[in-house]
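FYI, side chains are in, hydrogens and waters are out, and symmetry mates aren't considered; it's all heavy atoms of this structure.
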Amino acid sequence: MIAVKRRGSARLGAAVLASGLVAVGVIAAAGTAAADGPVPNQGGATATLSGLKTFDKAVIHDGGKDQRVGAGLFEMAVDNGGTIQTYCIDLHNPTQDKAKYEEKSWSATSLASNPEAGKINWILQNSYPQVNDLSELAKKAKSGSLSEKTAAAGTQVAIWRFSDKADVEAVDPAAEKLADYLQKSAQNLQEPKASLTLDPPAVSGKAGDRLGPVKVRTNADSVTLTPGTESAASRVKLVDKSGKKITSAANNGEVYFDVPKGAADGTATLTAQAATKVPVGRAFASATKSQTQILAGSSESTVTATATANWAKKGAIPAVSAEKNCAKGGVDITATNKGDQAFTFELLGQKYTIEAGQSKTVTAPVKEDQSYTFTIKGPNGFKKTFSGVLDCKTSSNGGSDDTPSKPSPASAGGSSSGSTGGDDLAETGSSSNTPVIAGIAVAFVVIGGGAIFFVRKKKASTGE
């Protein structure tokens, strides 16, 4: 991945959530507002960018100007163990130094609206590093001799032609022939399944019931299930459908929260963890506007997912989750009510009522590049927080209204693979500057509780 221009300033939009809404990646609240904290990853691998490691040169032709950039493989260190390799699918957005990334579905990235996303997956499956016999790859491409660097560059160039509709070519003749071969041969493949998710990520019900099921979806042989620390105080157990206590589950396994009768109103969590290889073709996105990546290779890595249960003796008992929906340009809010009274909330000035036993999904529109934080309160101390950035577009398909600027010098790890001397090479298109955030708080008091929605407007990093 590399960048030749930065996105413009984030555009401020008003998207206000009120009472009872929670967003992606549910967390333990233990029944009190003070227990609320940072939202964990909803499921899959989380990793820290190490930098551009295996790359050669490419030239991007844009608006009558040529820009030479580094093109090739990034590396990331997976939290709790493992390493992954990725290519860029977001050419005109810079990387941020040591950015944190999370495994995401295509629907939460620019691939959601890209009809040729499956061709990128084909390239990943049929080129370096998945095909590490470079002589055989060169033979198929009729390219001439390929090194790891030129193979990575040719693969990245071919991906950019589909991910960003970029007019780009590799500098090395063999890499360019490889890119042409991959582009012409690519076929649409399906999106790979997640390494680990829990579905749904939030459940609710009455004390004395088994709350769930939460279904485990994973490519690992087995996942370890661990109850949150609050479960011991409320004597909540993780059980299977028959009520047997469990500590692990396989793919398609079902987990329930067994809440004792008479338990005080509250919340409990479970964490699922496994060691597995993340499927090639999975997207990786960052909340700091660091360019979106796609997985090219993985060692055995640690993957994690979290789910919560909310219970009460009576009244409305909400379970609410959220997920980015790039096709609709917003965040899908899904609220379920397992109580014995209706659950009412307000979203963007409109009230929604969920009758007992019913569920509803509403899309909250959020503008591209907008940073946001949702803090949502509901009955019985219910409180959840979600923050992120809606990053659904590349600059080439409308992600920025601003005039392109020059790329910044490398600062996210490109130098670890060596310098190219005096060439005008933006090795990573990166920035070590943390986006500057300003907050605007709007508070609402509505039926069932209040919600605070902070809209944070990110300033584009200045080039060096």
Any donor and acceptor pair, going by atom type alone, linking the side chain of Asn126 with main-chain N or O of Trp122 inside 3.5 Å? yes
Run the numbers on Asp90 and Ser110 for side chain to side chain contact (heavy atoms under 4.5 Å, CB included), then give the verdict. CA-CA 8 Å; Asp90 192 8; Ser110 59; 5.7 Å; no
Mind listing the closest non-hydrogen atom pair of Cys326 and Ala112 along with its distance? CB-CB, 3.7 Å
Just by distance, no angles: are the side chains of Glu148 and Thr54 close enough, under 3.5 Å, to form a donor-acceptor pair? no
Given 3.5 Å as the limit, does a donor-acceptor pair link the side chain of Gln190 with the main chain of Gly118, or not? no
Pairs flagged by salt bridge (charged side-chain N to carboxylate O under 4.0 Å, His left out) wherever residues 188-202 is involved - sequence neighbours left out: Glu191-Arg282, Asp199-Arg217
Just do the side chain to side chain contact (heavy atoms under 4.5 Å, CB included) check on Tyr128 and Leu73 with the steps written out, would you? CA-CA 9 Å; Tyr128 182 76; Leu73 278 170; 3.6 Å; yes
Check step by step if side chain to side chain contact (heavy atoms under 4.5 Å, CB included) holds for Lys98 and Leu49. CA-CA 5 Å; Lys98 303 299 181 183; Leu49 183 68; over 6 Å; no
Asp340 vs Lys206, salt bridge (Lys or Arg N to Asp or Glu O under 4.0 Å): CA-CA, chis, key distance, verdict: CA-CA 9 Å; Asp340 52 24; Lys206 292 186 177 181; 3.1 Å; yes
Using a 6.0 Å cut-off, check whether atom CG of Asp221 has over 12 heavy atoms from anything other than its own residue. no
Dump the intermediate steps for side chain to side chain contact (heavy atoms under 4.5 Å, CB included) on Ser301 and Lys277, then the final yes or no. CA-CA 6 Å; Ser301 300; Lys277 287 188 175 182; over 6 Å; no
Determine whether the side chains of Asp332 and Thr363 contain a donor N or O and an acceptor N or O closer than 3.5 Å. yes
Can you check whether Thr302's main-chain N or O pairs, donor with acceptor, with Asn80's side chain at less than 3.5 Å? no
Can you check whether Ile84 reaches Phe284 side chain to side chain, under 4.5 Å on heavy atoms? yes
With no hydrogens and no angle check, do the side chains of Gln293 and Thr86 hold a donor and an acceptor under 3.5 Å apart? yes
Between Lys324 and Cys392, is there a side-chain heavy-atom distance shorter than 4.5 Å? no
Salt bridge or not between Glu102 and Lys104? Use side-chain N to carboxylate O under 4.0 Å. yes
Donor-acceptor side-chain pairing of Thr46 and Tyr101 below 3.5 angstrom: no
Distance (rounded to the nearest 0.5 Å) between Ser204 OG and Asp209 CG: 10.5 Å
Here the pair of heavy atoms bringing Ser222 nearest to Ser248 is OG-CB, 3.8 Å
Close side-chain approach of Ile120 to Leu111, heavy-atom, < 4.5 Å: yes
Taking every heavy atom of Ile89 against every heavy atom of Thr394, the minimum-distance pair comes out as O-CG2, 3.7 Å
Can you see which heavy atom on Pro129 is nearest to which on Tyr87, and at what distance? CD-OH, 4.1 Å
Can you tell if the side chain of Glu368 reaches within under 4.5 Å of the side chain of Asp391, non-hydrogen atoms only? yes
For Lys119, does the NZ atom sit with more than 12 other heavy atoms under 6.0 Å from it, leaving out its own atoms? yes
Can you check whether Thr83's main-chain N or O pairs, donor with acceptor, with Ser299's side chain at less than 3.5 Å? yes
Taking NZ in Lys100 as the centre, count heavy atoms belonging to other residues, nucleotides or ligands within less than 6.0 Å. Is the count above 12? yes
Examine distances only and state if a side-chain atom of Trp311 and a backbone atom of Ile317 form a donor-acceptor pair shorter than 3.5 Å. no
For Gln125, check side chain to side chain donor-acceptor pair (under 3.5 Å) against everything at least two apart and list the hits. Asn121
Check for a donor-acceptor pair, side chain of Asp79 on one end and backbone N or O of Ala45 on the other, with a separation under 3.5 Å. no
Positive for side-chain contact (heavy atoms from CB on, under 4.5 Å) with Leu225, one of Thr247, Leu270, Val214: Leu270
Which of Val255, Thr218, Thr276 passes side-chain contact (heavy atoms from CB on, under 4.5 Å) with Val223? It is Thr218
Is any side-chain heavy atom of Thr224 closer than 4.5 Å to one of Thr226? yes
Whether the side chain of Ser127 engages the backbone of Leu124 through a donor-acceptor N/O pair (distance < 3.5 Å, no angle test) should be reported. no
Interatomic spacing from CD in Gln130 to CG in Leu295 - rounded to 0.5 Å: 8.0 Å
Separation between CG (Asn251) and CG (Asn219), nearest 0.5 Å, reads 8.5 Å
Please check if the side chain of Ser321 supplies one atom and the backbone of Pro201 the other of a donor-acceptor pair under 3.5 Å. no
Going by heavy atoms in the side chains, are Pro279 and Ser195 under 4.5 Å from each other? yes
Sort and list the pairs that fulfil salt bridge (charged side-chain N to carboxylate O under 4.0 Å, His left out) and have at least one residue in residues 294-306, not counting sequence neighbours. none
Beyond-backbone contact of Lys360 with Tyr352, side-chain heavy atoms, under 4.5 angstrom: yes
Thr155 (side chain) donor-acceptor with Ala151 (main chain) under 3.5 angstrom: yes
dist Glu103:CD -> Leu196:CG (nearest 0.5 Å) comes out at 8.5 Å
Are any side-chain N or O atoms of Lys165 and backbone N or O atoms of Phe162, one a donor and one an acceptor, separated by less than 3.5 Å? yes
Heavy-atom distance under 4.5 Å between the side chains of Leu198 and Val216, does that happen here? yes
Taking all atoms of both residues into account, what is the closest heavy-atom pair of Gly70 and Phe55, and its distance? CA-CD1, 4.1 Å
For the residue pair Phe257 and Ala307, what are the closest heavy atoms and their distance? CZ-O, 4.0 Å
Rounding to 0.5 Å, atoms OG1 (Thr361) and CG (Asn325) come to a distance of 10.0 Å
Taking atom OG1 of Thr288 and atom CG of Asp97, what is their separation to the nearest 0.5 Å? 10.0 Å
